[in-house]
**Student:** 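Below you'll find the structure I mean.
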Amino acid sequence: MYSDLVERLRVREEKGLRRVRRTIEGPQDTHVSIAGREYLAFCSNDYLGLANHPELIESACQGVRRYGVGAGASHLINGHSSAHHELEQALARFTGFPEALLFSTGYMANMGVVTALLGRGDAVFADRLNHASLNDAALLSRAKLIRYPHLDLTALERRLAMSPARRKLVVTDAVFSMDGDIAPVDQLQALCEKYQAWLLLDDAHGFGVLGKQGRGVLFSASQARAHSPNIIYMATLGKSAGVFGAFVAARSELIETLIQSARSYIYTTATPALLPCTLLTSLRLIEQDEWRREQLSRHIVQLKQALQSLCWPLQPSTTPIQPLMIGASDAALRISDGLREQGILVPAIRPPTVPLGAARLRISLSASHTPADIERLANALWQLAKAG
Ligand SMILES: *Cc1c(COP(=O)(O)O)cnc(C)c1O
């Protein structure tokens, strides 16, 4: 049995696909310490720079003192605290939905929604570049998984029109995690209304960053509009919010359905109450600190300008996810290694996470970077480009 594992690991190593963990010796920040050396990092999803914020740390400490460390049970037994409850109400208000429900992780939230709504004989329509958790959720639900080319709504409509499925669910990243582009929510919403399909929007990378006060992708259009009743909104709390967890916001009937039948909600211990305590403070900072989003926008503009005529192009992303397209996997790895030697961390993203020949450096920016940090990254990339 073990020789089979060893053989499979060896094949992975040979293909250059073995992944390793780097151990960070302190908090998540724009500067991290690894093996005693300090690095400037462009890897995290902590877009607003909240993961190590003193006010959040203080709220976590207060939460521990009030609620202890462990939740002790699942939400439906007696792990559901007033902190969880208050955060759910705050998130519903903030995102403009009647109700919200906390999940332990975004992965579990997607599992919960898809499996609670669909079963055999139903169909999930998924953008080809969606996050893995959405695909896994579709497989677990036993509904038919029908994928459509990235952002190709004509292809999506054809598939929706042809489908004999009883229940239909369109699932999409709102901001695509490896490309940084944004799904056309208005058009998706119209298609879903036309074909009576649910629309699950995974706003893991938009919540906190997009829209007025960081309210997410549904608020990023210029005029305010009511949410379509077909929309189920999901966002994570471990990225811009800087903490951990996720939530689903929707109509009350949908949330009640999740409480009754989402297995990834029911059969797991509630997150420690110190997390919702911390997240209430995080939500306040997301809402108040417009300067963090403004800073982020300035960083995006600065990076785009600095890399404008570099031999490797940036994708046309307007979000803090800025992929620098390299092409070959070994070249992407070489550039990432070159940056690391100069004390800069940018991950190389290779197939199968991205299509063959589309390896890239995934630069993610944070409000807590400084203009000097961005300049240092750009200079290092220019140097590596010249060196060939
Ligand atoms: C990170 C991410 C998730 C998973 O969220 P976790 O809370 O980390 O489990 C789901 N969907 C997308 C698009 C993500 O980027």
Side-chain angles (χ1 to χ4, degrees), residues 21 28 43-48 50-51 84 87-88 91 95 100-115 124 126-141 145 147 150-151 169-183 185 188 199-210 214 216-218 220 231-249 258 262-265 268-272 275-276 278-279 282-283 286 315 317 319-323 347 349 352-354 360 362-366:
R21 301 171 299 171
Q28 185 61 252
C43 318
S44 91
N45 305 308
D46 178 26
Y47 303 121
L48 299 179
L50 296 177
H84 293 100
L87 178 62
E88 287 180 343
L91 287 167
T95 55
L101 185 70
L102 287 171
F103 280 79
S104 296
T105 69
Y107 193 100
M108 291 166 81
N110 284 338
M111 289 284 163
V113 172
V114 181
T115 58
V124 179
D127 189 291
R128 270 204 179 277
L129 296 191
N130 275 352
H131 190 262
S133 59
L134 291 168
N135 294 333
D136 294 357
L139 293 177
L140 189 64
S141 76
L145 173 59
R147 298 171 83 195
H150 184 46
L151 300 182
L169 169 69
V170 175
V171 296
T172 184
D173 284 21
V175 175
F176 287 85
S177 52
M178 295 302 143
D179 292 73
D181 51 348
I182 302 174
V185 174
L188 282 165
L199 174 59
L200 171 57
L201 279 178
D202 178 339
D203 204 18
H205 299 276
F207 181 77
V209 169
L210 298 179
V217 72
L218 289 170
S220 58
I231 289 184
I232 305 162
Y233 181 80
M234 191 290 278
T236 59
L237 300 167
K239 290 173 178 154
S240 288
V243 187
F244 188 75
F247 70 96
V248 175
L258 295 180
R263 297 172 66 86
S264 60
Y265 182 75
T268 195
T269 302
T271 52
L275 298 183
T278 312
L279 281 158
S282 169
L283 196 59
I286 289 175
Q315 291 278 68
S317 155
T319 66
I321 302 170
Q322 291 291 325
I349 310 285
T353 309
V354 291
R360 64 199 68 184
R362 182 181 183 272
I363 302 169
S364 44
L365 298 172
S366 165

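All values below were derived from every heavy atom in this structure, side-chain atoms included, with hydrogens, water molecules and symmetry-related copies excluded. In listed order, ligands and their atoms are each counted from 1.
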**Student:** Could you check whether Asp181 and His150, counting side-chain N and O atoms only, form a donor-acceptor pair closer than 3.5 Å?
**Tutor:** yes

**Student:** Which residue owns the protein heavy atom closest to atom 2 (C) of ligand 1, what's the atom, and how far is it?
**Tutor:** Lys239 NZ, 2.4 Å

**Student:** Name the option, out of Ala132, Gly206, Gly106, that contains the heavy atom nearest to atom 6 (P) of ligand 1.
**Tutor:** Gly106

**Student:** Would you please classify the geometry between the Phe247 ring and the Tyr233 ring as parallel, tilted or perpendicular, with 30° and 60° separating the classes?
**Tutor:** tilted

**Student:** Let me see the working for Val175 and Val217 under side chain to side chain contact (heavy atoms under 4.5 Å, CB included), right down to the final yes or no.
**Tutor:** CA-CA 8 Å; Val175 175; Val217 72; 5.5 Å; no

**Student:** Near Ser133, which atoms of ligand 1 are under 4.0 Å from a heavy atom of that residue?
**Tutor:** 10 (C), 11 (N)

**Student:** Which atoms of ligand 1 sit under 4.0 Å from any heavy atom of His205?
**Tutor:** 14 (C), 15 (O)

**Student:** Numbering the atoms of ligand 1 from 1, which are under 4.0 Å from a heavy atom of Asp173?
**Tutor:**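 Per the distance check, 13 (C).
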
**Student:** Side chain to side chain contact (heavy atoms under 4.5 Å, CB included) for Met178 and Leu129? Distances and angles first, verdict last.
**Tutor:** CA-CA 8 Å; Met178 295 302 143; Leu129 296 191; over 6 Å; no

**Student:** Evaluate the side-chain proximity of Thr172 to Leu199: yes if any heavy-atom separation is below 4.5 Å, no if none is.
**Tutor:** yes

**Student:** Hey, which atoms in ligand 1 end up nearer than 4.0 Å to a heavy atom of Asp202?
**Tutor:** 10 (C), 11 (N), 12 (C), 13 (C)

**Student:** When you compare ligand 1 with Thr236, is there at least one nitrogen or oxygen pair between them that comes in under 3.5 angstrom?
**Tutor:** no

**Student:** Heavy atom to atom 9 (O) of ligand 1, shortest distance: which of Phe244, Tyr107, Phe103, Phe176 holds it?
**Tutor:** Tyr107

**Student:** Where's the contact between Thr105 and ligand 1, heavy-atom distance under 4.0 Å: side chain, backbone, both or neither?
**Tutor:** both

**Student:** Verify whether one side chain among Asp202 and Asn110 offers a donor that lies under 3.5 Å from an acceptor in the other.
**Tutor:** yes

**Student:** Is there a side-chain contact between Phe244 and Thr236 in this structure, where contact means two heavy atoms from C-beta onward sitting under 4.5 Å apart?
**Tutor:**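 Phe244 vs Thr236: side chains apart.
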
